[in-house]
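Notes follow once the structure below has been shown.
Both backbone and side-chain heavy atoms feed into the values below; hydrogens, waters and symmetry mates do not. Note on naming: letters A, B, ... go to the chains in the order of the sequence lines (proteins, then strands), and numbering restarts at 1 for each one.
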Amino acid sequence: MSARKRYWLMKTEPDTFSIDDLAKVKTEPWTGVRNYQARNHMKEMQVGDGVLFYHSSCEVPGIAGVATVANTAYPDPTQFDKNSDYFDAKSAREQPRWEMVDVSFDRKLKRVIPLEEIKAHADELGPFALTQRGNRLSVLPVSAAQWKFLLSLE
DNA sequence: GCCAACGTTGGC
DNA sequence: GCCAACGTTGGC
């Protein structure tokens, strides 16, 4: 018995890694998350979970595509790599601090669903981590109803 | 580039 | 354990 499919939203800066990049590489290890809450969400992920691929810090921030969780969480190798920007001297190999999943390309949306538009539907969406005041989480949960509604905006 | 929000660090 | 200082995120 597998757990019921769940849904998530993952942020990325398109200048660094966009939905088009994911389409090219097909599957990408989601390295570099250094926030405990975001990490905890990744540890909860199951293979096949749905991911809204969100572009942040760009001209039109918003949902740009759909992806799928490709495997359960495993230690992020960049935390042990001294040459990596994500190196964490305080993380021990015997007890890695940071974990991550791989994310597989599903599809690019016909248009980006802008954050501005998402905010305008606050009533339909209900409580949503993406639009909560001051939110900066890069990996956050989405309910089945929110998933369905957001994709209906496409 | 600005700045609000928020997480982390480190002195005490 | 408190909290000021600092760094980062991310919209605008």
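Ring geometry, A/Phe149 versus A/His121: the interplanar angle exceeds 60°, so the pair is classed perpendicular (tilted spans 30 to 60°).
Counting non-hydrogen atoms of neighbouring residues, nucleotides and ligands closer than 6.0 angstrom, the NZ atom of A/Lys148 reaches no more than 12 such neighbours.
Every pair passing side chain to side chain donor-acceptor pair (under 3.5 Å) that includes a residue from residues 62-80 of chain A is listed here, sequence neighbours excluded: A/Arg34-A/Asp76, A/Arg34-A/Thr78, A/Asn71-A/Asp102, A/Tyr74-A/Asp102, A/Asp76-A/Thr78, A/Gln79-A/Ser91.
When all heavy atoms are compared, the tightest approach of A/Val66 to A/Trp147 is CG1-CH2, 3.7 Å. Heavy-atom minimum distance, A/Pro96 versus A/Glu94: CD-C, 3.7 Å.
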Q | Nucleic acid footprint by protein, nucleotides 3-12 of chain C - heavy-atom cut-off 4.0 Å, B for base, S for sugar-phosphate alone | A | ----BBBBSS

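If you check residues 75-100 of chain A against DNA chain C, you find no residue with a heavy atom closer than 4.0 Å.
The residues A/Lys110 and A/Glu154 are annotated as salt-bridged, a charged nitrogen and a carboxylate oxygen being separated by less than 4.0 angstrom. Look at A/Arg111 and A/Glu117 and you find a salt bridge, because one of the NZ, NE, NH1 or NH2 atoms lies within 4.0 Å of a carboxylate O, short of that distance.
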